Chemist: 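Quick one: structure below, then a few questions.
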Protein chains: 2
Amino acid sequence: MSPRVSKEHLKQRRADIMEAARNVFIKHGYEHTTMKHVMEAAGVSRGGLYQYFSNKEDLFEALLEEGLTDEAEATEDSLEKVESYWDLLMQLLFGEDGNPDTEMDPLAPSKLEFFITGRNDERRRAYGEKRYETGLRIYDELIKKGQESGEFNDHYDSELVARSIITFIDGLALDHAILPEEKVKLKEQSALFVDYLKMALGVSSS
Amino acid sequence: MSPRVSKEHLKQRRADIMEAARNVFIKHGYEHTTMKHVMEAAGVSRGGLYQYFSNKEDLFEALLEEGLTDEAEATEDSLEKVESYWDLLMQLLFGEDGNPDTEMDPLAPSKLEFFITGRNDERRRAYGEKRYETGLRIYDELIKKGQESGEFNDHYDSELVARSIITFIDGLALDHAILPEEKVKLKEQSALFVDYLKMALGVSSS
DNA sequence: TTGTAAAACGACATTAGTGTCGATATAATA
DNA sequence: TATTATATCGACACTAATGTCGTTTTACAA
């Protein structure tokens, strides 16, 4: 009547596998990675791997969840005590410094794969929708508050503007997944889109 | 010394297979369709199919080429004799009538899959870049001419605006691939993006 | 008709990946 | 130190897909 190892160790092992898997997914993409790839990268046996994750989808979703939690909650509360909604929006879009020169999440291309190739699977589809909805809410909420405060004008429906933000982000992620760094012009396109948003929200300051 | 069938027949057979394949790709997506699916849909044997296409990639690229030719040349020449570049741009974006209520190409999701999952394959990557470049040139050319004619202002670099158009289209295609029709709000988002463009190009008329 | 080139067929060998399961190794406890 | 629960292992059976190749069929020419 004694578990072989501490819960710490189990958690650690799981984390190690996920870390290795993450790198494999980044390298090969979702569809083309195999459990064998992960086994080798993580230095674990077949049986060992399946002890922690029952299949590739399960494993990838664990990575998805990991990424989601941090971001969402961080913005949720800063929505309460903020002086400029515009600054907050820029932060949300481009990270801490709020300048459009952010690196992309290297796992992003695989995430796209995951949802696109799984678009006919009921489960995956529902999951994708939930994620979209979550992302949408965050932006919608922010914009709505900005409009109510008078910082933004309400010429456009907040949700529609939020949708356009996500469309833009998705489009960039997609092009970035396919094209070489220098061709996407991430920075310039982001700057242009910021101008689009300024127009839509009636923001003039830099 | 006699070929078994006329060239007509061969061409027809090939076309039939492609038609069937198109439907299969639409239904299952690129990654998940198999040659067997196509065989069955086209009512052709394994050997028969491989006589025309040496693998799935080959087959899909044939479909890609098919779609590309029509669109490109159609716009190429209407660029010469046009009274309003803006109208032409709207036509290019939303089809003949130039109104943002267009249906999406049902094969589009599979195309995304094809390029995303193939992003690590040299050949496929190069092919994807060429396509991006081609699309970019069309929009860039149009916008540049519109700027030269004075119809558009040149506050923004024409190529950058062209890129943002493609990003937007890609983003919409992506969301449309994953989300149900009613959630994407294609029409509304398109309308908003048109406003973005009006701003960027300094166009005021409806 | 008949002969023939090649279109169409489908069985086959091969490859690659999956998930399972009994055997083995080992860390905590007694 | 001996015991034991269980983490880890890797061989295995199974499935699914691929591309090939010898055989059969058939449209056309002679």
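This structure is a prediction, so every number in the text was calculated from the model and none was measured. Reminder, nothing fancy here: chain letters follow the sequence lines and each chain counts from 1.
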Chemist: Please confirm whether the backbone N or O of A:Leu172 pairs with a side-chain atom of A:Gln189, one donor and one acceptor, at under 3.5 Å?
Modeler: no
Chemist: In whole Å, I'd like the distance from the NZ atom of B:Lys36 to the C1' atom of D:dT15.
Modeler: 11 Å
Chemist: For a quick test of reading the model: is some side-chain N or O of B:Arg13 closer than 4.0 Å to OP1 or OP2 of C:dA8?
Modeler: yes
Chemist: Please report the distance, rounded to the nearest Å, between CG in A:Asn55 and P in D:dT15.
Modeler: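 The answer, rounded to whole Å, is 18 Å.
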Chemist: Rounded off to whole Å, could you give me the NE2-to-P distance for the A:His37 and C:dA16 pair?
Modeler: 11 Å
Chemist: Below 4.0 angstrom from OP1 or OP2 of D:dC9, is there any side-chain N or O of A:Tyr50?
Modeler: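 Answer no for this pair, as no side-chain N or O of A:Tyr50 is under 4.0 Å from OP1 or OP2.
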Chemist: Given atom CE of A:Met35 and atom C1' of D:dG10, what is their separation to the nearest angstrom?
Modeler: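 It works out to 15 Å between those atoms.
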Chemist: Taking the side chain from A:Asp140 and the backbone from A:Leu136, do they hold a donor-acceptor pair closer than 3.5 Å?
Modeler: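 A pair under 3.5 Å: no.
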Chemist: Is the ring centre of B:Phe114 less than 6.0 Å from the ring centre of B:Phe60?
Modeler: yes
Chemist: Taking atom types as modelled, find out whether A:Ser164 and B:Tyr196 have a side-chain donor-acceptor pair closer than 3.5 angstrom.
Modeler: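 Short answer, yes.
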Chemist: Are OP1 or OP2 of C:dA8 and a side-chain N or O of B:Gln51 less than 4.0 angstrom apart?
Modeler: no
Chemist: By the 4.0 Å heavy-atom rule, please label A:Phe53 as base, sugar-phosphate, or nothing.
Modeler: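 Since no nucleic acid heavy atom lies under 4.0 Å of A:Phe53, the category is nothing.
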Chemist: NE2 of B:His32 versus P of D:dA17: gap in Å, rounded?
Modeler: 10 Å
Chemist: Expressed as a whole number of angstroms, how long is the span from A:Arg46:CZ to D:dA7:C1'?
Modeler: 17 Å
Chemist: Give the rounded distance in Å between these two atoms: CG of B:Asp16 and P of C:dA8.
Modeler: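 Value for this atom pair: 11 Å.
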